[in-house]
Structure formats: C-alpha cells, structure tokens
Amino acid sequence: MLASTLGRRGRFARVVYVVLASGLLAGCGINTIPTLQERAKAAWSEVLNQYQRRADLIPNLVETVKGYAAQESKVLTDVVEARARATQVRIPPDILTNPEAFKQFQEAQNNLSGALGRLLVITENYPDLKSNQNFLALQSQLEGTENRISIARRDYITAVRDYNTEIRTIPGRWWRAILYPDAEPMQNFTVAEETTRVPEVKF
Amino acid sequence: MAAMTRRLGWPALLLALTVWVAPAFAEPTFPALSGRVVDAANLLSAEDEAALTAELKALEEKASDQLVVVTVPSLQDTPIEDYGYQLGRHWGIGTAKLNNGVLLIVAPNERKVRIEVGRGLEPILTDALSRIIIENAILPRFRTGDFVGGIKDGVRDITLALTGDVAELEARAREGARPDANDPAMDWLMVFFWVAIILLFIWASSRSNRQGVRGGRGGMGPIILPGPGWGGGGRSSGSGGGFSGGGGGFGGGGASGGW
C-alpha cells in the first residue's frame with residue numbers, strides 16, 4: 001500500500017520536474033540554434049524571392065527596350081542569356097551548407113546583375129525610350145527590386161552571422177554537440193560582392 | 001592563481017567575442033520619433049506641421065496606415081534607400097501585423113527624397129506609383145525651393161493612393177481596427193500555466209512532507225522561472241497622447257528621386 005502510493009507520487013514528481021526542467025532549459029538557450037536556423041532560412045527565402053521577381057521583370061524590360069533600341073542586340077541577348085542561366089541554376093536543398101552550389105548560384109546572379117547594368121546604361125542613349133511611360137514604370141520596378149535584393153541579402157548576412165556565431169561559441173557549441181549535430185555552418189555572401197552592387201560601365 | 005585566471009579566461013573570451021561580432025552594418029543615427037511629422041531639418045513652420053499632422057492622423061483613422069513625414073539635415077553618407085528602410089525598421093512604423101507604414105523622407109542638403117513603403121503596402125503603393133508621385137507632385141515643387149508645397153502635395157497623393165480603392169480600403173481598415181486578440185490571450189495562458197505548475201509543485205512537496213518522507217528536499221527555496229515566455233513583450237501600443245510605431249516591417253519598397 002505504502003509502496004504503491006510512493007511509486008505513484010514519485011512518477012508524479014518526475015513529471016513536474018521534467019516540465020520545470022524543460023522550462024528552465026528554454027531559458028538558457030536550448031532553443032537558440034533551431035530559432036536562428038529558421039530565421040536564416042526565412043531570410044534566404046526572401047533572397048530567392050527577390051531574385052525571382054527580378055527574373056520575372058526582365059522579359060518585359062527586354063521587349064520594351066527592343067522597340068526603341070533593336071540595334072543593341074548584343075547587350076539584349078546578353079541579358080536574355082544571363083537570365084536563362086540564372087533561372088536554370090539548379091538549387092539543391094542543401095544549398096545553404098554547400099559551398100559549391102552556393103557559389104554557383106551567386107555567380108549566375110552576379111552575371112545577370114552585370115548584364116542588366118549594361119542594358120540600363122545603354123538606355124541612357126535613347127531619349128524616346130527614356131520618356132516612354134512603360135519603360136519608366138519598368139525601370140522603377142527594377143530599381144526597387146535591386147534595392148530589395150540588396151536588403152534581403154543584408155538581412156540574410158546578418159541572420160547567418162548570428163547563427164554561425166551561435167553554433168561556434170560556447171553555450172551554443174555545447175547544445176550543438178549534444179542535440180543538433182547536423183546543424184552545419186551556413187554559407188554567406190562575401191562582403192566584396194555586397195559593395196559592388198551594379199558594375200560600373202564606361203564608354 | 002593560475003587556476004583563477006583560467007577560470008576567468010572563458011567569460012572574458014566570450015565577452016570579447018560578443019563585443020567583436022556585435023557591430024552589424026554601421027547604422028546611421030536617427031532622429032527621435034517625436035510625432036507624425038519629424039522636421040529635423042526645419043523645413044516646416046509650426047502651422048504647416050500641425051496641418052500635416054492632422055492630415056496624417058486622419059489617414060490612420062481612416063485606413064489604419066501610418067504615414068510619417070521626416071526631414072533630415074544629413075543622411076550621414078548613407079544612400080537614401082538604405083537610410084530609409086533602416087529608419088522605418090528603427091521606428092517600427094506601421095503595425096507588426098499589417099506592416100502598413102510609409103515614410104516620406106526629405107533630405108534637403110543631399111537633395112534627395114524617398115517614399116519608403118512598408119512590406120504590407122507594397123502592392124498598393126507600388127514602386128512605380130511612388131516614382132510617379134515623386135516625379136510629378138514632389139520634385140517640381142522642390143526644384144523651385146518650395147519644400148512645404150512639395151511635401152503637402154506628396155502627402156496628398158500618397159493618401160490618395162492609399163485610400164483610392166474603396167473596397168480594398170474598407171477591408172484593410174477592418175483588419176487594422178480588429179483588436180489583436182491573440183497576444184493578451186496567450187500571455188494569460190502562460191500565466192495560468194506557470195501558476196498551475198507552481199501550485200502543483202507546492203502541493204506535491206507538501207504531500208510528501210505530510211506523509212513523512214524525509215528527502216532533504218522538503219523545503220525547496222524560491223523557484224526561479226524562466227522569463228522569456230511571458231512578461232517580456234513590452235510593445236507600447238501608442239495609445240494616449242503620444243505617437244509611436246507598432247513594429248511594422250520594411251523590405252525596401254518605394255522609390256527615390258533627386259533634384
């Protein structure tokens with residue numbers, strides 16, 4: 001009789017302790033790694049989203065420019081090809097922890113940025129094009145998208161830096177060793193590319 | 001002694017690391033959010049400011065969107081696009097749920113102007129529309145030195161753009177006016193949860209005491225509960241006389257222009 005009540009109470013107390021312990025653990029950072037990981041992934045989706053938006057705007061832009069500056073066929077085909085390459089890059093699910101794939105993605109997008117920059121520079125030479133309302137709208141959308149891309153990249157850089165710091169510094173390092181052995185450091189954009197947003201073109 | 005320095009070494013190293021990694025992208029310093037019109041560059045008279053404030057207040061009451069006019073004496077060598085979204089996030093203009101904040105930023109010394117659009121309003125006040133407002137309503141006035149007129153016309157057109165689609169406007173106002181039922185309820189749930197845990201704990205330990213089990217843990221001292229679940233979340237809702245943002249997000253929507 002006594003033994004059975006003792007056993008039940010022991011189990012009950014254990015439940016209480018487990019609940020309390022999980023609360024206390026949450027307070028000292030056990031959830032930090034998954035939280036930061038999800039934040040970095042969300043920031044990455046935003047980057048992809050904005051690059052996609054840019055890719056979607058380009059066909060319209062190319063069509064509009066073609067109407068006024070068909071003789072610039074080299075620059076136009078460059079943009080079309082760079083866009084095709086950028087949208088064809090296969091994005092593996094592990095891209096964030098896979099340096100090769102990440103680099104490939106970056107290179108394709110940078111190529112497209114370069115080609116697009118050259119296209120926007122030549123449009124300066126066509127006053128009719130510049131005063132075309134459709135072109136103005138496209139141009140401001142494209143500028144807005146480039147701006148969003150750079151902000152999304154910056155947010156991603158911050159998120160990944162927080163995450164990488166967490167898994168490499170002390171309480172996070174221990175949590176990773178115990179509970180999240182598959183939390184790999186994530187790839188980040190390099191600062192050099194961040195500063196050269198649109199390549200300069202001189203004639 | 002050696003053992004002591006070794007023991008002190010870890011915290012010191014950690015502290016050094018956090019200090020070292022802490023500075024993010026150098027943020028410029030921002031003026032304080034003193035109202036719906038923050039005239040840090042002194043372009044507006046008191047009457048103009050009052051009139052604009054009334055107009056902006058009416059817009060928020062009608063559409064729940066927060067529009068803030070800000071003039072800055074210096075962008076501190078930051079492109080206005082970067083300054084704009086950082087300022088929006090810093091002040092948290094718009095609500096956290098709808099992200100419906102808009103900033104009209106005028107930097108007279110750099111001769112730059114920008115309409116910074118919160119994430120939630122990007123489909124309504126699009127980049128192209130922002131650009132049109134800047135080119136047609138604001139810049140012609142600014143070029144002649146008429147800052148008051150340019151700002152007023154800009155505010156008028158932004159308001160028109162935000163309130164133009166009546167059906168959409170009503171839906172948005174309803175959404176914005178609905179009280180945030182989620183948060184307080186969750187807070188109370190957490191309070192009940194923890195109170196229940198404490199009571200259970202006290203009950204369990206008093207039971208074990210009464211039955212004469214001497215385990216040495218009968219009189220457990222104060223129970224320390226983790227904080228972050230509840231109690232934190234200090235987000236001022238901006239009621240009362242003052243004006244404050246609601247934690248709206250900015251992702252770089254809008255357009256800029258120069259004169």
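Order of the sequence lines sets the chain letters (A, B, ...), proteins ahead of strands, with each chain counted from 1.
- Residue contact with chain A, scored on non-hydrogen atoms closer than 4.5 Å, involves the side chain of B:Glu122 exclusively.
- For A:Glu46, the part sitting under 4.5 Å from any heavy atom of chain B is the side chain, from C-beta outward, and nothing else.
- Expressed to the nearest 0.5 Å, how far CG of A:Asp155 lies from CZ of B:Arg89 amounts to 4.0 Å.
- Contact count against chain A (heavy-atom pairs under 4.5 Å) is highest for B:Gly252 among B:Ser130, B:Gly253, B:Gly252.
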In sequence, state the C-alpha distance, the side-chain angles, and the governing distance for B:Asp82 and A:Arg154, and then conclude on side-chain contact (heavy atoms from CB on, under 4.5 Å).
CA-CA 11 Å; B:Asp82 293 348; A:Arg154 234 174 291 177; 3.2 Å; yes
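- Taking 4.5 Å as the heavy-atom cut-off, the residues of residues 137-145 of chain A that approach chain B are A:Ala137, A:Gln139, A:Ser140, A:Gln141, A:Glu143, A:Gly144, A:Thr145, ordered by number.
- The number of heavy atoms from other shown groups lying within 6.0 Å of CZ (A:Arg53) is above 12.
- Annotation: B:Asp77, atom CG; neighbour count of heavy atoms from other residues, nucleotides and ligands within 6.0 Å does not exceed 12.
- Atom CZ of A:Arg173 sits in a sparse spot, with 12 or fewer heavy atoms from other residues, nucleotides or ligands closer than 6.0 Å.
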